[in-house]
Amino acid sequence: MLVADLVINGLIIGFLYALMAIGLSLIFGVLRIVNFAHGEFYMVGAYAYSLITLSSGISPWFALPLAFLAGSLVGLVSERLLVRPLYAGYANWGFMRDEYAVIVTFGLSLLLISLADKIIGPFSYRGPTLLPPSRIELGPFLLNGNRLLAAALGIAILAIAVGFVRYSYWGKQIQAVAQNRLGASLAGANVNVVSSLVFAISGGLAALAGALLAPFIAATPDVGLFPAVKSYVIVVLGGLGSIPGSIVASLLLGVVESLAAVYISYDYRDTFGLVVLILVLLFRPQGLFGQKGREV
Amino acid sequence: MKPTGFIRKSMRRAASLSFAALATILSGQAHEVQAADPIKIGVTLAMSPPGSVIQGTQLRDGLSIALKMINDQGGVLGRPVELIYEDTQGIPEKARAAAEKLITKDGVVAITGEHQSSSGLAAIEVAHRYHIPYLNSNAWSDAIRSKGYPEVFNPGNYNTRVALAVAEVMADLKLKRIVAIAEKTDYGIGLAELIRDLLKERSPGTEYSYITVDRAGKDFLPVILPLRANPPDAIVQLLLPPAAYIMINQLHEQGVAPSSKTWLYEASGVADYPDFWKNVQDAAKGMLTFGLYHPEMPLLPLGKSVATAYQAGTNRPLNRLMFQGADSLFLIVEAIKAAGSTKPDAMIAALQKTEWVGTRGTVTFSNEKGFKFQQWLNVPYVTLQVTKVNQPIDEMQLVQGPGKPLDPAKLTKAK
């Protein structure tokens, strides 16, 4: 029975991992940038949700879209001010392109952490739960109602995000830019708007993950470290830029961590994901759902 | 008319005397400037994550109050006192670098303020190498004492004291199976092992085990779910915030503790942190907690003055770390006063002989070896039970007063 308990809780946390990671995957898939500030988009959402509900007393259900907006806004501004120069001088960047992206997003991460620490302070803020505290008994299993709800909302948001990218007008433009930025531009796609949109969606999704988890993991300036590390593992494991790959990798990571922490050792919990990652990369260097290819 | 030889000699003598007088005046002025120079004391504490910034803030509050009180009374040896702060982030490497910088660059005469054991253990090595007095405000690890460094003095709480309190409560409750959940640090592991040793003495039939978790951990369910499947009689919580809050919430969320079957004993003293109730609501109801401050504990006149100054300056309730910070600085200043100098040997000798009436008791330092070395042994403590949500520390149920046994009649079992 403990095994089933651990698998169920692993899947629940896995869906929330997926919500954290999908934005990172999207940015890499479309813009070929590893965003080191992704964890801080999560932090923005956790703070926005907690502080809005605690200070204004409004329903946490209203705070969820506000957290999404806050994350999107930070994503949008970051792209416009820091990432856009990367494309403005695209042809001249040469080998410095990747270094610029790493340094600028890493710097953004440190800036956002420091701003949170100085403006909001070091104290942690736990957001209110969406439902009154509840435990759901399903036969021998005892599930926390709010965790279950967070996972269900996570699934719904993932479905909407995937649907948007697959079927909407702007989603098709995103796909076009992901395939070939220059080609998409020549075909009439507004690549700058697409870049901004990708960062806004990515920031919004990470912020929503932060908001949904804020009742369980309180907002602190450094709360973004945990989702950032998990997201990097998930994105590489699932295949760089693959959204379905990220979702499968998230669920796999959640379940493996949950089981191995009990049956092997909790001390190495965070390393199990890395072990799985190394094993997968040994046999499938492109990740679970990534595509083999080379740049010419 | 040319000056005669006598006149020439007299003029030379007069000029020499003038120079001598001028030099004396200038050197006197220089000496006065030196006497007015502040006495620098270094402070290492966590002012940013991942260290416990809350602890750092509370200690800093106490140090600031003591500094103002000292300087308002003319400082020490006719010189003002200046504190130089260094942020360690609770990271041992940074604590070591901070101590090195304070001693070699800033020229501090003593260091104080530490509140995280791993950082304290790193910094005392530097203080020992340079032979600079080190007042450990709140790092509980016994290893800090057991090193036997003559420079290190410990007016704050220590792990054995907490372990003893936990073991006494568990023995008084006659519990059969206890599990401790400790953060994977010198503090957490040290305390978990001490509880094991003391429980063997005080309650030999009790089964005890401990689990270590990462202090940066966010999801503890893999640790909690096996406890739900096989609940112990008590869980002892040995993590610092924010991990402590996450753990307490997740234990409650899964219905593990506090419950009708399982006591929750919070041994890190986090219930008096300013953000405790923002982060832990229903989850804390019924919890037992180790405390180093409660209004029923007697405050001495100095303690009352510090408390008044703190409440005038902040809206926060009184807390033990603020008193500990103030005590640490007062002790250094008392040592300088008693030694009549800031020379390390004289200050260390003065501290070893200290019998100083502080905020909460008379501080003396033991010279026994091991964890008692240069430790104030009689740090007062209490055991409290949380009976309501949002309950301030002074309204929590006092179930064990300072120096008294647990009173089971005052305990309420969670439903």
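Proteins come first, then strands; the chains are lettered A, B, ... in the order of their sequence lines, and each starts at number 1.
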Discussion item. If I take atom OH from residue Tyr266(A) and atom CG from residue Asp214(B), how far apart are they, to the nearest 0.5 angstrom?
Written reply: 7.5 Å
Item to complete: Measure the CD-OG1 distance between Gln281(B) and Thr129(A) for me, rounded to the nearest 0.5 Å.
Response: 10.0 Å
Item to complete: Kindly say whether Val213(B) contributes a backbone atom to a donor-acceptor pair with the side chain of Arg269(A) at under 3.5 angstrom?
Response: no
Item to complete: Using modelled atom types only, decide if a donor and an acceptor are shared between the side chain of Asp219(B) and the backbone of Ile13(A) within a distance under 3.5 Å.
Response: no
Checking [X] against chain B: side chain, backbone, both or neither under 4.5 Å from a heavy atom?
X	answer
Asp117(A)	side chain
Ser124(A)	both
Phe226(A)	side chain

Worksheet item: Mind checking what makes side chain to side chain donor-acceptor pair (under 3.5 Å) contact with Lys94(B), not counting sequence neighbours?
Response: Gln89(B)
Discussion item. What part of Lys218(B) gets within 4.5 angstrom of chain A, counting heavy atoms only: side chain, backbone, both, or neither?
Written reply: both
Worksheet item: Can you say whether Gln250(B) sits under 4.5 Å from chain A via the side chain, the backbone, both, or neither, judging by heavy atoms?
Response: side chain
Worksheet, complete the sentence: With sequence neighbours left out, the residues meeting ring-ring contact (aromatic ring centres under 6.0 Å, His included) with Tyr232(A) are Phe36(A)
Response to the item:
Of the listed Ala229(B), Gly255(B), Pro242(B), Pro241(B), the one with the largest count of heavy-atom pairs under 4.5 Å with chain A is Gly255(B)
Discussion item. Just so I understand: if I count every heavy-atom pair under 4.5 Å between each of Ile246(B), Leu225(B), Val280(B) and chain A, which residue has the most?
Written reply: Leu225(B)
